[in-house]
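What follows is one structure encoded as structure tokens, with my remarks underneath.
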Amino acid sequence: MEEPLIFEFGHFDTTGVDFDMPDAFEMELGGHERKAALELPGLAEPEAMRHYVRLSRNNYAIDAGLYPLGSCTMKHNPRLNEKMARLPGFGDIHPLQPLSTVKGAVELIDTLAHWLMTMTGTTAVAMSPKAGAHGEQCGMMAIKAAHKAAGRDPKIVLVPESAHGTNPATAALLGYKVVSIDAKDEDGTVDLEALKRKIAEHEGDIAAIMLTNPNTCGLFEREIIEIADAIHKANAYFYCDGANYNAIVGKARPGDLGVDAMHINLHKTFSTPHGGGGPGSGPVVLSERLAPFAPLPFIRKGEDGPVLVETPEALEAGEQPFGRMTAFHGQMGMYVRALSYMLSHGSDGLRQASEDAVLNANYVRVGLQDLMSLPFGERPCMHEVLFDDTFLKDTGVTTLDFAKAMIDEGYHPMTMYFPLVVHGAMLIEPTESESRASLDLFVATLRDLVMSARNGETDRFSGAPYFSPRRRLDETSAARKPVLKWEAPAPAEAAE
Amino acid sequence: MEEPLIFEFGHFDTTGVDFDMPDAFEMELGGHERKAALELPGLAEPEAMRHYVRLSRNNYAIDAGLYPLGSCTMKHNPRLNEKMARLPGFGDIHPLQPLSTVKGAVELIDTLAHWLMTMTGTTAVAMSPKAGAHGEQCGMMAIKAAHKAAGRDPKIVLVPESAHGTNPATAALLGYKVVSIDAKDEDGTVDLEALKRKIAEHEGDIAAIMLTNPNTCGLFEREIIEIADAIHKANAYFYCDGANYNAIVGKARPGDLGVDAMHINLHKTFSTPHGGGGPGSGPVVLSERLAPFAPLPFIRKGEDGPVLVETPEALEAGEQPFGRMTAFHGQMGMYVRALSYMLSHGSDGLRQASEDAVLNANYVRVGLQDLMSLPFGERPCMHEVLFDDTFLKDTGVTTLDFAKAMIDEGYHPMTMYFPLVVHGAMLIEPTESESRASLDLFVATLRDLVMSARNGETDRFSGAPYFSPRRRLDETSAARKPVLKWEAPAPAEAAE
Amino acid sequence: MRYLPLSNQDRADMLARIGVDSIDDLFADIPQKARLNDLMDLPRRASELQVERQLSALAAKNVPASSVPFFVGAGAYKHHVPATVDHLIQRSEFLTSYTPYQPEVTQGTLQYLFEFQTQVARLTAMDVANASMYDGSTGTAEAVLMAHRVTKRKKAVLSGGLHPQYRAVVEGLADLADDDVVSLPADPAGTEDILAQIDKETSCVVVQSPNFYGQIVDLKPIAAKAHECGALLIAVFTEVVSLGLIEPPGAQGADIVVGEGQSIGNGLNFGGPYVGLFATRSKYIRQMPGRLCGETTDADGKRGFVLTLSTREQHIRRDKATSNICTNSGLCALAFTIHLSLLGSKGLRQMATICHANAVKLKTALASVAGVEVLTGAYFNEFTVKLPKAADAVVEALAAKGILAGVPVSRLVPGKAELANLLVIANTEVNTDDDRDALVAALKEVLA
Amino acid sequence: MRYLPLSNQDRADMLARIGVDSIDDLFADIPQKARLNDLMDLPRRASELQVERQLSALAAKNVPASSVPFFVGAGAYKHHVPATVDHLIQRSEFLTSYTPYQPEVTQGTLQYLFEFQTQVARLTAMDVANASMYDGSTGTAEAVLMAHRVTKRKKAVLSGGLHPQYRAVVEGLADLADDDVVSLPADPAGTEDILAQIDKETSCVVVQSPNFYGQIVDLKPIAAKAHECGALLIAVFTEVVSLGLIEPPGAQGADIVVGEGQSIGNGLNFGGPYVGLFATRSKYIRQMPGRLCGETTDADGKRGFVLTLSTREQHIRRDKATSNICTNSGLCALAFTIHLSLLGSKGLRQMATICHANAVKLKTALASVAGVEVLTGAYFNEFTVKLPKAADAVVEALAAKGILAGVPVSRLVPGKAELANLLVIANTEVNTDDDRDALVAALKEVLA
């Protein structure tokens with residue numbers, strides 16, 4: 001059965017919420033009563049329940065199957081975390097109620113900050129960014145503020161081609177010019193010599209480099225320390241995109257690699273749920289050089305415990321926040337979940353999780369490398385393995401077709417056409433949450449698909465998916481003439 | 001993808017629960033350490049999550065679609081009830097912790113009892129029965145105890161043919177002989193004159209009548225008061241099966257109809273979830289005559305509030321409990337849910353719910369009566385409407401086929417072949433939880449199926465369902481050679 | 001009303017379609033004099049907020065187990081249940097599904113019941129288990145009735161170590177069904193001579209281990225004597241976690257094993273709903289009460305599961321049925337199965353070891369309290385102590401200090417002087433050193 | 001570790017299959033000197049029970065809104081959310097799904113986003129809404145950047161009634177992007193002359209209504225002046241429930257409407273996650289930040305939904321994108337949509353009416369307290385009072401009495417003597433007569 005929109009089956013004159021209405025009273029709205037129409041259906045609870053349960057069934061989810069999205073890190077979301085976030089002492093407290101009544105909340109944020117700094121080997125952390133991209137923005141704002149404080153005004157940010165699109169977007173948002181840096185042909189990592197030349201070319205005008213490490217090809221930048229040194233020598237900062245930090249938790253500390261700022265996607269590395277696209281949370285760890293510029297609010301160690309600093313008026317010497325990223329204190333609900341995850345794993349478990357993630361990715365790699373093509377040879381990868389479309393050459397099957405055919409086999413497609421540095425990229429990240437049996441089945445399925453493509457069974461691909469709630473959707477017409485909300489159908493023409 | 005059993009994919013040497021193990025210590029088991037093998041797989045949380053989420057998807061549920069099971073009353077299960085039952089003050093209290101620490105719990109049971117007695121017009125209620133059939137047993141035990149206390153020992157229980165199977169089973173369990181009473185041909189209700197003859201025939205030997213009202217044909221016994229009078233005159237008791245009480249809440253009180261005992265299925269009438277087959281809860285309301293025999297534990301009105309009476313030693317004059325139905329105090333978790341439902345509806349809402357349930361059933365009746373056959377004519381029904389298979393005559397389609405074909409249309413089958421008083425019965429109960437739009441779609445679907453059957457499209461029925469997680473299952477071979485648990489497959493024969 | 005989708009306009013339109021003038025025309029069969037034409041004397045509808053407040057106020061009058069040092073057991077136990085369990089059992093497709101009579105669209109329920117049956121059979125070391133009973137106590141009564149059917153005898157012998165409320169349930173049913181029950185006196189010291197009670201008239205002997213007082217009972221000699229007399233041994237347990245560490249009844253000759261499964265997957269809930277476990281030998285399958293799920297194939301040859309052997313049941317056999325039961329404790333069984341699927345044998349053994357270790361620690365600590373004597377020799381997580389004062393008063397005094405110390409035997413078996421000072425104390429993995437220290441310290445004060 | 005399915009045997013077997021000797025061989029690219037060869041100085045793994053206890057202990061140090069008379073608002077509001085909402089958003093298929101980039105298997109998410117967009121457009125009386133922003137404050141900053149793109153100007157005028165933290169967010173971003181921001185002084189009395197600030201250089205004027213102090217602002221003259229100057233009016237709200245009762249910005253000429261949606265469907269959560277609402281005129285669609293869901297058809301001609309106009313987004317346009325945002329607040333938007341689908345316009349209006357009625361009642365009650373002056377004339381559910389003492393001290397004194405009375409303006413705008421005694425007080429449907437009586441009585445004591 002097809003599920004209509006609420007506007008198509010709901011009553012517009014009913015409500016599914018009961019209220020105890022007050023006696024008549026004189027309103028004090030100053031004549032601003034709503035006159036504009038407001039037509040929203042009010043469903044009875046059983047109607048709403050059924051509608052949204054049915055809708056949910058059209059979704060793929062990590063709870064229902066392996067989600068091999070490289071770089072997106074779809075790992076298990078423990079329900080303990082959900083339970084903890086719903087404790088009234090966390091879920092039902094107001095950001096502006098007296099600080100004396102939220103001491104546990106501030107302590108929780110401080111504890112989480114301690115874990116993040118210790119893991120990453122950094123000095124400070126800006127907790128409030130609301131998502132990874134927001135964290136990038138925060139980190140780059142701190143860098144800009146630091147330059148400003150030093151009387152510098154560099155205009156260029158270096159970004160490798162393999163970077164997430166948010167990196168150049170963030171740099172541009174802050175008025176920087178984005179200069180691309182070259183990758184080494186053999187493995188897609190940054191070419192140190194080329195970088196040095198670029199630095200020399202723009203001497204004194206480089207604000208920062210934005211680098212993902214492990215990079216989006218699933219490889220660790222072997223010359224990372226040299227890169228950091230070169231950048232620092234140029235009076236610039238090293239911004240690390242932390243999207244792939246989950247590969248190395250407990251194995252290396254970004255601070256030790258020379259990173260000045262790195263956002264951490266709590267949903268990728270620390271298991272807070274993706275929720276169909278958010279909410280995220282993107283705390284940014286900062287090196288000693290950037291620490292003073294962390295935005296408001298931040299937590300200062302006080303004699304009687306942690307102190308939440310909310311306004312410029314409350315600053316002490318040396319504190320130079322560049323401003324504020326958001327109202328209130330950030331994504332508390334996500335903090336609780338992430339800390340619950342960290343406490344559960346502990347130092348040993350976090351390290352084990354990274355190891356298992358890398359182990360699983362390499363297990364998939366060796367399971368597929370004879371049939372699918374590795375752009376940079378059969379070297380170990382980190383937590384994700386990158387294939388290109390060479391193996392599909394002359395089959396008439398594209399990366400997109402191949403990925404869509406996975407849906408009919410019960411899998412979500414892998415990340416496609418990203419990173420841009422290889423042709424027809426397919427980036428697979430199984431995460432540590434998959435069992436060996438699950439990986440074996442996944443590998444077998446992909447092998448079967450490859451053989452099918454080789455055997456010329458193009459129908460299986462070109463029309464895929466066949467068995468999903470919807471088949472391929474017409475994105476072009478959606479964009480050409482956007483329909484972004486439901487409109488009541490025009491009344492039928494009167495007869496005659 | 002097919003979902004294996006946990007024994008087929010789990011590791012037997014791992015666990016998905018972390019414990020902090022104690023230091024070594026000397027066990028004091030007296031030499032009773034387990035030596036028998038215990039091989040149970042321990043799944044990691046992500047494995048367990050995915051397994052049970054996937055299993056769940058093979059189930060139909062009221063949250064996902066209309067569930068027209070006559071007599072089973074699949075209505076909306078409000079999530080407020082679930083939330084309330086999980087309050088630590090209800091969900092995390094022990095039945096034997098000091099009564100001074102569970103005063104709110106006892107008060108809740110007392111409040112629920114007050115609602116049940118007020119609604120039904122009765123004097124007492126035995127709260128502890130664990131399900132409807134258990135409630136029947138409780139009611140009949142009270143009746144037996146009452147006869148015993150009066151020095152009587154009648155041997156016969158009268159049960160109409162349309163009764164639920166539990167009625168004769170319960171009577172037999174307590175050593176009674178079951179004597180069937182005839183239904184009137186025209187509407188399946190009890191034939192008062194036939195009943196009177198039966199009473200005369202077995203004078204002095206009748207313990208009780210067990211009657212469902214509204215009956216399982218969805219009709220209210222019009223002569224109910226006369227029936228009760230006749231039974232009472234014979235020194236017998238009127239046990240009413242309360243399975244269909246949901247039709248008349250707020251419209252009539254069983255006590256006013258002469259009922260001496262009636263169990264109330266909290267899941268049918270008061271929305272506690274069916275849970276795939278339980279847990280239920282079947283409190284039994286009792287008339288003044290039976291009240292003294294209510295089993296332990298019961299609540300006595302005390303000067304400082306309700307008192308929980310748990311043992312024979314605590315009885316006061318006039319209290320003659322026949323024993324105890326279960327350890328502890330009954331289905332507290334269900335009590336909370338039911339009371340939450342009752343408080344939500346209130347007296348007015350409960351009455352409205354009954355009216356809507358009856359309205360919906362009659363709406364389905366008039367939507368289908370021209371195409372499907374009503375065994376007792378086009379008279380109004382109560383909360384469920386009974387069809388027989390006359391309309392399928394000569395189509396080659398059976399009641400079973402017809403019901404199974406509904407699955408392919410997205411519906412759970414209705415109750416089939418029950419009650420036994422009509423041929424090929426189909427009993428439909430939409431409940432008050434369905435919207436008019438939902439009923440319209442359901443009626444249209446059934447009309448389409450009827451037309452299809454008439455048009456000789458027998459394949460649509462004989463092989464149905466085609467589109468469900470499983471097609472028809474071989475119940476015969478399942479019963480002939482029962483396989484009731486998983487066994488490890490025998491190791492493959494060694495070569496040679 | 002938020003749960004009712006019909007609008008007033010709908011109602012009016014539908015009445016018109018049905019062809020009646022008013023809703024009361026549909027209730028015309030109710031005798032005029034019995035019709036309620038007014039609202040009942042009960043409150044009117046309430047908002048969700050109001051209901052939540054009213055019920056929360058009642059809940060706040062109770063002391064949750066998690067909020068205090070907690071040693072109450074005697075048939076129900078406070079264990080920690082992983083959050084995953086409660087999340088999964090609330091899935092709409094499990095929570096709001098009906099009994100799986102239509103197996104094509106209820107394989108979810110059926111498959112977990114099959115897993116459940118396998119788990120229970122393995123735990124108890126029996127051949128087969130059913131798909132659950134209401135709880136341990138009603139399961140025990142059903143076991144006795146089953147033994148009567150199997151042996152065609154009517155005399156049951158109940159050990160004095162059987163939970164007193166289980167005993168009451170069995171006695172009540174037997175009494176009204178005119179069966180004989182020989183109940184041995186309360187046996188806190190574990191010295192009863194039950195063998196002497198078993199004779200050729202005996203249908204079954206019912207023995208709990210670990211028993212109500214915590215004592216682990218050697219079932220083998222009892223099984224031998226029972227079998228010699230043609231009777232069945234019904235072995236009962238109330239703490240299923242014990243089966244992770246102690247020898248299961250199935251390995252000691254029990255014919256029916258029945259017990260309470262609450263400890264795994266289920267909360268305390270003031271006594272219900274719980275989940276009864278019931279297992280027996282293959283040869284008795286057709287005499288077994290309750291639902292059974294069996295493996296079969298569908299029309300396409302795929303493996304599937306169905307409720308089976310329903311010819312034993314009330315909806316087919318009516319007054320010839322093996323019992324009148326027509327529900328199981330489905331959702332509680334699911335909670336059990338999920339929790340146990342996480343634990344596995346390894347986790348269950350670890351959990352059981354901690355429970356036992358905590359009991360040993362507390363027993364040792366209590367040795368320092370003057371006048372307290374531990375009566376139980378071999379035990380799992382629960383033991384009985386004799387106090388120098390009446391146990392109920394001590395428990396109340398400790399409750400006033402915020403410690404829930406156990407169950408006075410007199411709560412369940414009042415009026416017996418020799419039992420008045422006995423306290424049954426339970427230990428689980430939730431108890432900490434602090435809990436024990438608090439109990440011991442407070443007990444010293446109360447007894448001083 | 002309970003979340004990791006690999007056994008040690010699996011790990012060994014898999015390393016062998018991969019062809020390396022040890023796991024560290026797979027980490028060989030990490031420079032030797034930066035490798036962590038030991039565990040970090042952080043605690044080791046912990047059981048679920050332990051974690052639960054540790055976090056519960058922290059939670060217990062906070063005072064939940066539901067546990068006391070509660071009048072705190074100023075951008076986040078305590079409303080009652082039906083239990084159904086939280087149940088549904090925890091469905092695995094919603095909670096653990098990714099961004100719907102593969103629309104064939106994410107129609108569930110896409111369809112509710114389409115419903116969300118329609119609801120938001122109707123609430124605000126605007127043409128189109130996006131699929132949500134992080135929250136109201138970041139949405140406001142994005143609105144200013146969007147206005148700059150539309151007008152190709154760089155000067156934003158911010159009303160003194162704008163939430164001070166929203167203002168800080170806009171200023172911080174503008175400062176680093178070298179844009180101009182003219183921020184008017186705090187305006188508790190609603191007397192600012194914002195029209196005078198709008199000129200031909202102005203990109204946008206940002207006005208909140210009801211504003212931070214609770215005052216409802218007439219947006220029409222501001223829209224007129226802005227449009228006259230070629231500037232956009234950005235209308236902001238922090239209490240979305242107000243739109244059930246007061247004239248929406250879209251009907252008053254706003255070009256962009258942005259606000260906080262937390263009040264519907266979402267809890268307080270100490271400030272996040274929340275859900276930003278963002279709506280505008282059709283002509284500006286392609287300048288709009290954030291995700292958009294649009295209707296289309298699939299290969300079989302069936303209606304379906306997709307993320308659309310992605311050419312505006314960072315993953316296509318990289319450094320030319322409209323913003324760097326690549327998530328929305330999906331699950332919070334779902335909570336919003338479900339709650340609002342239950343409310344409907346009828347329920348929303350009822351809820352808003354109760355909020356307003358409670359505000360009126362409290363305002364009336366406060367008239368009896370000597371020295372308290374209400375500054376706000378036209379208001380919805382929130383107003384500002386001037387106390388005879390410093391508001392922060394009064395609030396602390398009331399908190400000590402178990403009443404959370406509101407937000408001292410000085411918490412957000414410290415160091416200004418004229419604001420020191422101001423208190424912003426919020427009212428919602430959860431406030432009772434008892435709450436108000438308690439507040440008034442306690443306030444009298446504190447001020448005495």
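Keep in mind it's a predicted model, so treat the numbers as computed, not measured. Throughout, protein chains are lettered first and strands after them, A, B, ... in sequence-line order, and every chain is numbered starting at 1.
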Got a sec: does the CG of C/D300 have more than 12 other heavy atoms crowding it under 6.0 Å?
yes
Part of C/A399 within contact of chain B (heavy atom distance under 4.5 Å)
side chain
With a 4.5 angstrom heavy-atom cut-off, could you sort out which part of C/P414 is near chain B: side chain, backbone, both or neither?
both
Do the side chains of C/E104 and B/R471 get nearer than 4.5 Å, heavy atoms only?
no
B/F12 versus chain C, heavy atoms under 4.5 Å apart: side chain, backbone, both or neither?
both
Does any backbone or side-chain atom of B/P482 lie under 4.5 Å from a heavy atom of chain C? Answer side chain, backbone, both or neither.
side chain
If the threshold is 4.0 Å, N to carboxylate O, is there a salt bridge linking C/D86 and B/R86?
yes
Under a 4.5 Å heavy-atom cut-off, does chain B meet the side chain of C/Q119, its backbone, both or neither?
both
Counting only heavy atoms closer than 4.5 Å, note whether B/L296 contacts chain C via side chain, backbone, both or neither.
neither
Please state whether the side chain, the backbone, both or neither of B/A105 comes within less than 4.5 Å of a heavy atom of chain C.
both
For C/L145, is it the side chain, the backbone, both or neither that has a heavy atom under 4.5 Å from a heavy atom of chain B?
side chain
How about B/H412 and C/Y98: are their ring centroids closer than 6.0 Å?
no
So, the side chain of C/T118 versus the backbone of B/W486: is there a donor-acceptor pair under 3.5 Å, distance only?
yes
For the NZ atom of C/K346 and the NE2 atom of B/H11, what is their distance to the nearest 0.5 Å?
11.0 Å
Find the distance between CZ (B/R57) and OG (C/S92) and round it off to the nearest 0.5 Å.
12.5 Å
Would you say the side chain of C/V360 lies within less than 4.5 Å of the side chain of B/E26, judging by non-hydrogen atoms?
no
Below 4.5 Å from any heavy atom of chain B, which atoms of C/I30 appear? Answer side chain, backbone, both or neither.
both
Is B/M84 in contact with chain C via its backbone, its side chain, both, or neither, using a 4.5 Å heavy-atom distance?
side chain
Would you say the ring centers of C/Y3 and B/H345 fall short of 6.0 Å from each other?
yes
So what's closer than 4.5 Å to chain C heavy atoms on B/T311: side chain, backbone, both or neither?
side chain
Per-residue contact mode, C/M1 against chain B (heavy atom under 4.5 angstrom)
side chain
Below 4.5 Å from any heavy atom of chain B, which atoms of C/A76 appear? Answer side chain, backbone, both or neither.
both
Establish, from distance only, whether the side-chain atoms of C/Y379 and B/E28 form a donor-acceptor pair under 3.5 Å.
yes
How about C/D298 and B/D474: do any of their side-chain heavy atoms sit closer than 4.5 Å?
no
Could you walk me through whether B/V53 and C/R91 satisfy the side chain to side chain contact (heavy atoms under 4.5 Å, CB included) test, starting with their C-alpha distance in whole Å, then the side-chain angles of each, then the deciding distance to 0.1 Å, before giving a yes or no?
CA-CA 8 Å; B/V53 165; C/R91 290 265 310 164; 4.1 Å; yes
Side chain to side chain contact (heavy atoms under 4.5 Å, CB included) assessment of B/E33 paired with C/I246:
CA-CA 4 Å; B/E33 285 81 356; C/I246 72 173; over 6 Å; no
What part of C/L88 lies closer than 4.5 angstrom to a heavy atom of chain B: side chain, backbone, both or neither?
side chain
Salt bridge check: are B/E107 and C/K61 linked by an N-O gap of less than 4.0 Å?
yes
Given heavy-atom pairs under 4.5 angstrom as the criterion, report whether the side chain, backbone, both or neither of C/D135 touches chain B.
side chain
Measure distances from B/M49 to the heavy atoms of chain C and classify the residue's part below 4.5 Å as side chain, backbone, both or neither.
both
B/Y363 versus chain C, the contacting section by heavy-atom distance below 4.5 Å:
both
Checking B/I407 against chain C: side chain, backbone, both or neither under 4.5 Å from a heavy atom?
side chain
Under 4.5 Å heavy-atom distance to chain B, tell me which part of C/S132 shows up: side chain, backbone, both or neither.
neither
Show your reasoning for whether side chain to side chain donor-acceptor pair (under 3.5 Å) applies to B/S347 and C/R45.
CA-CA 7 Å; B/S347 181; C/R45 66 186 66 182; over 6 Å; no
Could you verify whether a donor N or O on one side chain and an acceptor N or O on the other, from B/Y52 and C/E115, lie under 3.5 Å apart?
yes
Take C/E396 and B/S100 through the side chain to side chain donor-acceptor pair (under 3.5 Å) test and state the conclusion after the steps.
CA-CA 8 Å; C/E396 280 296 341; B/S100 59; 2.9 Å; yes
Verify whether one side chain among C/T138 and B/T326 offers a donor that lies under 3.5 Å from an acceptor in the other.
no
Quick check for you: among C/R122, C/E295, C/K302, which has the greatest number of heavy-atom pairs under 4.5 Å with chain B?
C/R122
Side chain, backbone, both or neither: which part of C/L15 has a heavy atom under 4.5 Å from chain B?
both
Between B/T15 and C/Q350, do the side chains contain an N or O donor and an N or O acceptor separated by less than 3.5 Å?
no
B/L87 portion near chain C, given a 4.5 angstrom heavy-atom threshold:
side chain
Looking at C/A378, C/G271, C/G172, which makes the most heavy-atom pairs under 4.5 Å with chain B?
C/G271
Modelled atom types, side-chain donor and acceptor of B/N77 and C/T96, under 3.5 Å
no
Leading residue by heavy atom contact count with chain B [cutoff under 4.5 Å; candidates C/Y166, C/F70, C/F380, C/F27]
C/F27
Would you check if C/E52 and B/K83 make a side-chain contact, meaning some heavy-atom pair closer than 4.5 Å?
yes
Pick one of side chain, backbone, both or neither for B/T14, based on which atoms fall under 4.5 Å of a heavy atom in chain C.
backbone
Centroid separation B/F25 to C/H356 less than 6.0 Å
yes
B/R324-C/S137 side chain donor-acceptor pair, cut-off 3.5 Å
no
Go through the steps for C/L58 and B/L108 under the test side chain to side chain contact (heavy atoms under 4.5 Å, CB included), then give the verdict.
CA-CA 7 Å; C/L58 282 180; B/L108 182 136; 3.8 Å; yes
So that I know where these two stand, are B/H274 and C/F94 an aromatic pair - ring centroids less than 6.0 Å apart?
no
Closest heavy-atom pair, C/L36 versus B/R351, reported as atoms and distance to 0.1 Å, is O-NH1, 2.8 Å
Could you walk me through whether C/Q102 and B/K404 pass the side chain to side chain donor-acceptor pair (under 3.5 Å) check?
CA-CA 9 Å; C/Q102 303 295 327; B/K404 295 291 187 190; 2.8 Å; yes
When you look at C/L343 and B/F19, which way does the side chain to side chain contact (heavy atoms under 4.5 Å, CB included) test go after all the steps?
CA-CA 10 Å; C/L343 285 165; B/F19 291 103; 3.6 Å; yes
In terms of heavy-atom pairs under 4.5 Å with chain B, the winner among C/V306, C/T297, C/V407, C/V128 is C/T297
Using non-hydrogen atoms and a 4.5 Å limit, figure out which bit of C/I23 sits close to chain B: side chain, backbone, both or neither.
side chain
Chain B heavy atoms under 4.5 Å from C/A168: which part of the residue, side chain, backbone, both or neither?
both
Would you call C/D29-B/R222 a salt bridge at under 4.0 Å N-O?
yes
